[in-house]
Amino acid sequence: MDAKDILGLPKNLPIQEKKSKPPKESQRKPDGISREVYALTGGLAPLMPAIDVNQLKRKAQSENEKITWQWLPFTNSARKDNLQLYHWVRVVNGNPPTGDYSFAKCNKSADIIKYTDEEYEKYLTDPAWTKEETDQLFDLCERFNLRFIAVADRFPSTKTVEELKDRYYSVSRAILIARAPSPGDVSAHPLVKDVYNATQDTERKRALNLLLSHTKHQERRDVEASANLVLPVLSDTGTLGADKPITTADTVNPSTNSEFPSSTTTPVSETASVVASLRMLRVYLRTYSLEQMVQAASSSAGLRTIKRVEQTLQDLGVNLKPKVPTKAVCAEHLELRKEILTLLNLQKQLQYKEAEGSSLRDGTFTETPGTPPKQQSVRAVDLDRTFTPDSLSTGGERFGKREQKRKGPGRLAEAPSSPAQSKRPRKYKASD
Amino acid sequence: MPNKSGAEQPEISGSTQKSQRTKITKSSDDNEKKSLAKKLKDSEICIPIVYGNIAFWLGKKASEYQSHRWTVYVRGATNEDLGVVVKRAVFQLHSSFNNPTRVIEKPPFELSECGWGEFEIAITLHFHSDVGEKPLHLYHHLKLYPEEESGPLSTKKPVVIESYDEIVVSEPSEALFARVQNHPAVIVPRLPADFTLPPVPLEDVDSKNRVDTKDNPLNQWFTNFSEADELLKLAAARQQVQAHIARLRRQLTLVDGQHQQLKAPSDIS
């Protein structure tokens, strides 16, 4: 400003100040809510108000009645002991609210049928249950309002929940039918209509438990099996061999004994599902079937691996797509591709192992597991402690800290490793 | 007329063959039918085909818009008649042709035209009802000009480009099986010798109209596709890969052993 004075330039100040103010003001624009709350919304007003603010304040005012809140005693009809408790009550114009305690209606209980001794003798005897036990069961059921889990816990002799349920329901059912003037009267009663099936219940619970305790592996298998279900819909031939895809997938899965636990179960089940889907098509071209099988076999492989497979095929002088795709040729081609996949997997495994090996020897990690080339595999074993200074320097700064902690190059040092530096778990223990 | 054996392996395993024999000794028609049905359930019949085009340069008679005379076709791989399974073939030509959808109702399934351009032709094969309801699609790129720039075009030597494929019918019906089992165009799985299928009535109607595809004048240009070469190459490749795999496995166990040795001294305190 002074500079402008000195230079004799006209004063533009007023205009500038005005310009700077409006943008600031638009940011500071809460209206009825505090600045901090407004900032929570990101500094922008919501497009639609969530609650109509006007409504909130008006409701009480329109009533023209005197509302007070009073601390009053009340009784609960659900209680049997006439206990009187106190609570806040909204009193309108001096009149307290009438009626029972509002939660009394929640006190529901099941109607448990009480049988007499004669009825027991006549209808309810059972080889597996004594009268005493049955009486106890019914007593507990009443106390715990048919919470069979609790009943089972407190039942004196060990009976499963399903057995207790079975006994209870069959007794109740028998009584109902016995007491009814005619069978038709009670046929609509839920106890009579729906018979409790103890074995089914046991099975159901067992299956649920099984499902709950599934490992991730099994979950994946389930997903594949259900994916196979989709295939029958694709073809529009008259027949639907819907059971085929599922059974083939299931029978194939248990029999896979894989070296690479995660990768090979999926391709085998995929090929089985491809075979099934081809059968559904009925009429297809050999080249199409080969395509599908190749896709299935390499389903677990990434794009890079697939490219490597194709490169290998080319190097071997084999056509990527057979020129004469007969049944035999296609089968051989598929097998070759699978073998190449195995080969590439083994190569990778070997590389990992070697990287591990060199890290074991040096006591440091190699950051890039892929770098030690295959040819060095055997020679690496011969390399000695003299190698360690080099390996330290390869890590660069990252290993700087570790250097201080190292007890000596000759020992396998303790590894306070951060996961970021190594992708594989360390297998050896620290020496002291 | 025997089935084309070639390198085809029988679809049926030995165990089913044995069980078939015991069933036959019971000598009841029902059992035979059931076992045939079961056998056909896991088998497939295969029709090797070749499709492509031949193009002749018209030389002096060539005009700007009609430089070549070409024929696109689908044939049996050994020039046998495909009419046994194919009901008709539909060739979809470039839209610049009149009536670009050409339907060929009987063998030989080929179509000749004059033109100048190369384009993709969609060939749709419709089958007889006992084969299947859904048609199959083949795609062929029409080729008029030779690959190599071999100087002046010749009117005598055509450009031939063919692709081999096989039509697979999985789980063929008994009727179809009976109909085609002795046809030279079709490869069927081998059945045990004492298996007798119901005799098939001779198709007199067709034999009059059937063009003997073996007499096709274009035959001389057709490629003979042999799987032997490819099989050999594949077998050699597999051997190489398997040897490589074995070597890697040995290396892996070696490295594993070394790791074990390295880990052992950690107990020293």
Side-chain angles (χ1 to χ4, degrees), chain A residues 235-239 241 259 275 278-289 312-313 315-319 322-333 335-336 338-340 342-343 345-347 349-350 353-354 356-357 360-361 374 377-378 380-381 411-412 427-432, chain B residues 6-9 11 41-42 44 46 48-49 77 85 125 127 131-138 163-172 187 225-231 233-238 240-242 244-245 247-249 251-252 254-256 258-259 261-263 265-269:
Chain A
S235 74
D236 53 4
T237 56
T239 54
E259 277 179 42
V275 169
L278 287 173
R279 278 218 200 115
M280 295 298 304
L281 279 181
R282 290 293 221 91
V283 185
Y284 54 88
L285 287 171
R286 184 77 68 194
T287 47
Y288 173 76
S289 103
T312 317
L313 281 172
D315 294 340
L316 290 165
V318 171
N319 298 316
K323 284 277 179 300
V324 190
T326 63
K327 189 177 162 86
V329 166
C330 288
E332 285 287 302
H333 187 97
E335 289 308 306
L336 179 61
K338 288 187 193 168
E339 282 165 2
I340 295 178
T342 311
L343 178 71
N345 271 331
L346 281 176
Q347 277 182 345
Q349 264 202 343
L350 192 60
K353 293 251 168 174
E354 283 158 13
E356 244 182 23
L360 274 179
R361 280 184 293 281
K374 204 169 59 141
S377 62
V378 185
V381 185
R411 305 228 213 132
L412 300 170
K427 289 188 186 172
Y428 60 88
K429 296 182 199 147
S431 62
D432 71 21
Chain B
E8 298 295 323
Q9 296 143 3
E11 308 290 339
K41 200 167 178 300
D42 292 320
E44 57 183 41
C46 156
I49 58 169
V85 285
L125 298 176
F127 301 101
V131 177
E133 294 303 323
K134 281 202 329 177
L136 274 188
H137 302 278
L138 303 164
S163 311
Y164 177 96
D165 209 330
E166 298 186 337
I167 301 173
V168 182
V169 184
S170 78
E171 303 187 351
I187 301 178
F225 285 90
S226 149
E227 60 174 354
D229 266 348
E230 201 128 31
L231 273 179
K233 214 176 267 174
L234 283 171
R238 281 188 74 184
Q240 267 198 28
V241 174
Q242 283 162 5
H244 210 25
I245 289 178
R247 197 156 32 96
L248 280 178
R249 291 221 166 105
Q251 273 188 317
L252 267 174
L254 186 68
V255 174
D256 264 341
Q258 290 163 353
H259 286 3
Q261 288 177 12
L262 286 172
K263 287 179 199 169
S266 66
D267 291 334
I268 302 167
S269 58

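In what follows, chains carry the letters A, B, and so on, assigned in the order in which the sequence lines appear, proteins first and then strands, with residues in each chain numbered from 1. When reading the values below, keep in mind they use all heavy atoms of this one structure, side chains included, and skip hydrogens, waters and symmetry mates.
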Supply the atom-to-atom distance [X] [atom1] to [Y] [atom2], rounded to the nearest 0.5 angstrom.
X: A:Gln347; Y: B:Leu252; atom1: CD; atom2: CG; value: 10.5 Å
X: A:Glu335; Y: B:Leu234; atom1: CD; atom2: CG; value: 11.0 Å
X: B:His244; Y: A:Ile340; atom1: NE2; atom2: CD1; value: 10.5 Å
X: B:Gln251; Y: A:Glu354; atom1: CD; atom2: CD; value: 7.0 Å

Tell me, out of A:Leu316, A:Asn319, A:Leu285, who's got the most heavy-atom pairs with chain B below 4.5 Å.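 Most heavy-atom pairs under 4.5 Å with chain B: A:Leu285.
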Heavy-atom side-chain contact between [X] and [Y] under 4.5 Å:
X: A:Thr342; Y: B:Arg249; value: yes
X: B:Tyr164; Y: A:Thr287; value: no
X: B:Lys134; Y: A:Leu281; value: yes

With a 4.5 Å cut-off on heavy-atom pairs, point out which of [options] contacts chain A the most.
options: B:Ala235, B:Ala77, B:Ser226; value: B:Ser226
options: B:Val169, B:Leu136, B:Asp256, B:Ile167; value: B:Leu136
options: B:Val168, B:Val131, B:Ile245; value: B:Val168

Looking at B:Asp165 and A:Pro325, would you say the former's side chain and the latter's main chain have a donor-acceptor pair under 3.5 Å?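 No; zero donor-acceptor contacts below 3.5 Å.
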Hey, is the main chain of A:Lys323 close enough, under 3.5 Å, to the side chain of B:Glu230 for a donor-acceptor pair?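 Yes.
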Taking A:Glu339 first and then B:Arg238, would you say they form a salt bridge - that is, a charged N and a carboxylate O separated by under 4.0 Å?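 Yes, A:Glu339 and B:Arg238 are salt-bridged.
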Looking at every non-hydrogen atom in both residues, tell me the closest pair between [X] and [Y] and how far apart they are.
X: A:Gly357; Y: B:His259; result: CA-CE1, 2.9 Å
X: B:Glu166; Y: A:Thr326; result: OE2-CA, 3.2 Å
X: B:Lys233; Y: A:Gly317; result: CD-O, 2.9 Å

Side chain to side chain contact (heavy atoms under 4.5 Å, CB included) between A:Tyr288 and B:His137, worked out: CA-CA 11 Å; A:Tyr288 173 76; B:His137 302 278; over 6 Å; no
What part of A:Leu278 lies closer than 4.5 angstrom to a heavy atom of chain B: side chain, backbone, both or neither?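 For A:Leu278, the backbone is the part near chain B, not the side chain.
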